[in-house]
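In what follows, every chain begins at residue 1, and chains take the letters A, B, ... in the order their sequences are listed.
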Amino acid sequence: MKQLEELNDSQRIAAEHLDGPLMVIAGAGSGKTRVLTYRIANLIAKGVAPFSILALTFTNKAAKEMKLRIGNLVGEEHARNLWMGTFHSVFARILRVESQRINFPSNFTIYDTQDSRSVIKDVVKSLALDDKVYKPNTIHGRISMAKNNLIGPTAYAQNSEALAEDHQAGRPRTGDIYAAYQARLFRSGAMDFDDLLYKMNTLLRDFPDLLAKYQHKFRYLLVDEYQDTNFSQYLIIKQLAEGHHNVCVVGDDAQSIYSFRGADISNILNFKKDYPESVIYKLEQNYRSTKVIVAAANSVIGKNQDQIQKTVWTDNGEGEKVLVHRALTDKDEGYFVADSIFDVHHNKQAAYSDFAILYRTNSQSRAFEEQLRKRNLPFRIFGGLSFFQRKEVKDLLAYYRLTANSADDESLKRIVNYPARGIGKTTIDRVAAAAGTRDISLWDVLTDEEMRPDGIAKGAWGKLQDFVSMIRSFSASMAKQNAFDLGQHIAMHTGLLGTLHRDKTPEGVARYENVQELLAGIKSFSSEPVEDDPEAVKTLVDYLIDVALLTDVEQEDDDPNKVGLMTVHSAKGLEFPYVFVVGMEEELFPSSMANGTREELEEERRLFYVALTRAKKKATLSYAVSRFRFGKFVQNDPSRFIEEIDEQYVDLPVATSGGGASGWGARRPAGGERWSGGGAKGYYKGGGKSGAVAGTGSRAGAGGAAAARKAAEKAIGGLGGATPKLKKVARPAVVTETATGEAGGIAPGVEVVHERFGKGKVLKIEGDAPHLKATVFFPTAGQKQLLLQYAKLKVLA
DNA sequence: TGGAATGATGTTTTT
DNA sequence: CATCATTCCA
């Protein structure tokens with residue numbers, strides 16, 4: 001294939017490798033996607049049938065783009081037949097075909113995290129356990145970890161390590177919950193995300209003919225981001241590759257950032273052991289970033305102990321130093337970033353899409369949204385509360401899911417009384433109880449008069465029957481009607497659309513629009529032709545298969561020229577000329593959840609490495625001295641990662657001193673100890689901060705701090721001056737009362753503006769310092785009682 | 001039964 | 001501060 005000439009030597013050698021196991025260790029920006037793309041194209045050019053190539057990527061979007069590029073190289077008609085997608089989507093597709101083997105319907109429902117938690121919660125309740133002890137979140141994490149390591153409920157009950165851990169944690173019945181949870185999923189014809197991988201393993205383990213079939217089918221395997229595979233994924237690959245050993249994995253240990261979901265670096269480290277005959281190539285030349293960015297990133301990642309030795313270098317220009325900006329508050333940080341983007345956009349003719357704002361946690365996006373909006377800079381938030389997780393969207397999808405799979409209890413419970421049809425909680429509880437004792441689905445109870453639980457009155461039962469026949473009428477046309485026609489019909493016929501339309505509050509209008517957007521999405525889905533059969537109709541079932549594993553990042557946007565806002569995690573694999581890594585503070589990045597052990601800290605460091613290496617031209621880091629978080633102002637030191645960058649590549653902010661009562665100023669508390677001794681975890685010490693109340697229990701801080709605090713309290717009318725709640729936290733938060741002045745002028749007779757209710761007049765103020773309550777009259781919304789603590793009231797001049 | 005009001009609780013990252 | 005769950009009232 002002559003296009004191989006477009007590659008550099010090491011890229012080309014890797015791409016030309018045909019048979020036998022191959023591992024490519026690819027530094028950031030070294031063109032690993034290119035290698036994958038060209039290698040696949042080359043295989044096809046050499047006569048390998050596209051349908052015998054399986055390529056697993058990290059996101060569906062990556063797969064889509066790669067397919068497109070391969071299509072450009074060897075023709076779209078070939079690329080189309082490739083097996084390409086995420087582990088989850090590819091194996092979900094196979095599971096749909098083979099599901100009878102494990103007694104699942106082919107249209108099984110895929111439960112998302114919310115669904116899973118809800119089931120767990122229910123199970124915990126039915127086992128008469130305390131959900132304060134058995135928190136759905138925690139339990140789900142345990143179950144997920146077990147599944148990722150292919151430990152089923154039975155094995156779990158015999159796993160001494162797991163049992164010991166659960167016992168230690170005071171949750172000895174975790175295994176029982178796991179077993180009951182699986183039983184419930186089975187009963188509902190549902191699989192959770194982890195099941196998609198787990199059950200694929202089950203198929204390959206229990207059905208030799210299937211193993212042989214897929215080993216034979218997939219003659220060439222390619223895995224992108226191999227460093228982020230977990231055991232479950234690893235084993236699928238290993239088994240499929242058994243016969244022919246034509247497996248090519250690509251990855252970068254320095255970018256392994258998913259250990260929280262079971263990713264195991266040892267998969268990449270042990271590749272040579274699994275395939276002794278394997279060839280390993282390293283791609284070390286970076287084509288993406290400036291010399292400064294590459295060097296800065298290298299200096300940071302060098303602090304990690306666990307890594308495969310490699311030297312990433314670049315021929316690109318020197319570039320600007322990494323700029324570090326110190327903002328006073330998160331709001332200022334937002335202002336700074338928006339301002340910088342505005343500036344560069346105008347002065348350097350950069351497109352909006354040339355900018356990305358990367359943060360550690362989704363909740364940080366808000367400050368940037370606001371500031372970007374103010375400057376009229378178009379932006380798009382990736383991830384976060386995904387479109388598909390919105391209540392109204394999930395509601396409509398629940399109707400679709402139930403229509404497709406009537407055993408889906410979660411969906412049934414969700415919508416049986418939405419919109420309201422007079423079916424109350426008591427009624428549903430009784431139905432659920434009856435289903436539980438017989439181990440059948442709720443639907444099975446509803447569709448059998450014999451099953452009618454005692455205590456359900458004729459009236460309620462009648463309403464349930466109406467519901468059943470409505471769903472049945474939908475199901476009847478599911479197989480033949482196209483997705484949009486039926487989808488629209490359901491949205492209207494159930495009354496869901498009407499209910500939302502009647503709600504004229506801003507939120508209600510937004511919800512209505514979201515549902516319309518969902519329908520629009522279904523419409524465009526319906527209008528695409530079915531791959532091999534242009535005559536066939538795209539049904540709602542087809543849509544559901546697609547939509548369950550779609551993420552926000554993958555949703556197309558009508559106008560791609562927008563500033564991107566996303567977490568560092570979701571930025572993996574992407575690149576932007578200008579990157580802002582924000583919230584560079586201790587406790588946030590590195591996260592307070594993850595600096596207990598060296599391993600965890602190293603993962604945070606790799607995450608930072610990923611963030612930095614997204615930048616092509618310029619990287620800017622910013623931190624806020626004080627951040628509004630959790631309803632309070634919290635103060636943290638600049639992230640240690642800033643210091644870890646070799647200083648010759650950084651442009652640090654000028655250290656100003658002074659700065660009001662609090663005396664922030666020093667960029668960092670003078671040298672000193674970051675960690676107090678003591679426990680294994682080590683608690684962070686407040687360092688030299690005055691004006692801050694450090695620690696959970698401390699009442700007033702010492703000396704000057706007390707005075708400063710008093711002054712601050714006075715300035716804000718005593719608001720927020722409450723003694724911090726005594727609450728057990730792993731690491732004491734540092735709380736600062738800043739004088740926002742917002743409460744100052746609020747008094748009876750004053751005109752104020754509320755975010756939601758608009759303009760209003762304060763009638764009276766009552767209550768004590770922390771819980772001041774204002775009675776305000778709003779012409780538009782009537783008289784309201786508002787807690788000044790929470791309500792954002794602005795005084796009208 | 002439905003809805004509003006009040007209270008508890010929670011925040012890492014994602015398929 | 002936001003979301004959720006529970007509670008309380010019509």
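- Using a 4.0 Å cut-off, no side-chain N or O of A:N230 falls inside it from OP1 or OP2 of B:dT15.
- Phosphate proximity of C:dA5 to A:K121: present, with a side-chain N or O under 4.0 Å from OP1 or OP2.
- Under 4.0 angstrom from either OP1 or OP2 of B:dT14 there lies at least one side-chain N or O belonging to A:S570.
- Contact annotation: A:T567 does not reach the phosphate of B:dT12 (side-chain N/O to OP1 or OP2, under 4.0 Å).
- Rounded to a whole angstrom, the distance from the P atom of B:dT13 to that of C:dC4 is 15 Å.
- Summarising the geometry, the separation between CD on A:E370 and P on C:dC1 is reported as 11 Å, rounded to the nearest angstrom.
- Between the side chains of A:R261 and A:N230, not a single donor N or O lies within less than 3.5 Å of an accepting N or O.
- Using a 4.0 Å cut-off, some side-chain N or O of A:K135 falls inside it from OP1 or OP2 of B:dG10.
- Stacking is found between A:F260 and the pyrimidine-like six-membered ring of the B:dT13 base under the 5.5 Å centre-distance and 30° plane-angle cut-offs.
- For A:R261 against B:dT15, no side-chain N or O and base N or O form a donor-acceptor pair under 3.5 Å.
- At a threshold of 4.0 angstrom between heavy atoms, the contacts of A:K572 with the nucleic acid are absent.
- Contact check, A:N137 against B:dT11: a side-chain N or O comes under 4.0 Å of OP1 or OP2.
- With ring centers used as reference points, A:H569 lies 6.0 Å or more from A:F382.
- With a 6.0 Å cutoff to the six-membered ring centre and a 45° limit on the axis angle, A:R605 does not count as a cation-pi contact of A:F641.
- Within the 4.0 Å cut-off from OP1 or OP2 of B:dT1, at least one side-chain nitrogen or oxygen of A:T427 is found.
- Comparing A:K463 and A:L607 by the nucleotide of DNA chain B that holds the closest heavy atom to each, the one mapping nearer the 5' end is A:K463.
- Checked against the 6.0 Å centroid criterion, the rings of A:F58 and A:Y258 qualify as a close aromatic pair.
- Taking only side-chain nitrogens and oxygens, A:T426 comes nearer than 4.0 Å to OP1 or OP2 of B:dT1.
- For A:N362, a side-chain nitrogen or oxygen approaches OP1 or OP2 of B:dT14 to under 4.0 Å.
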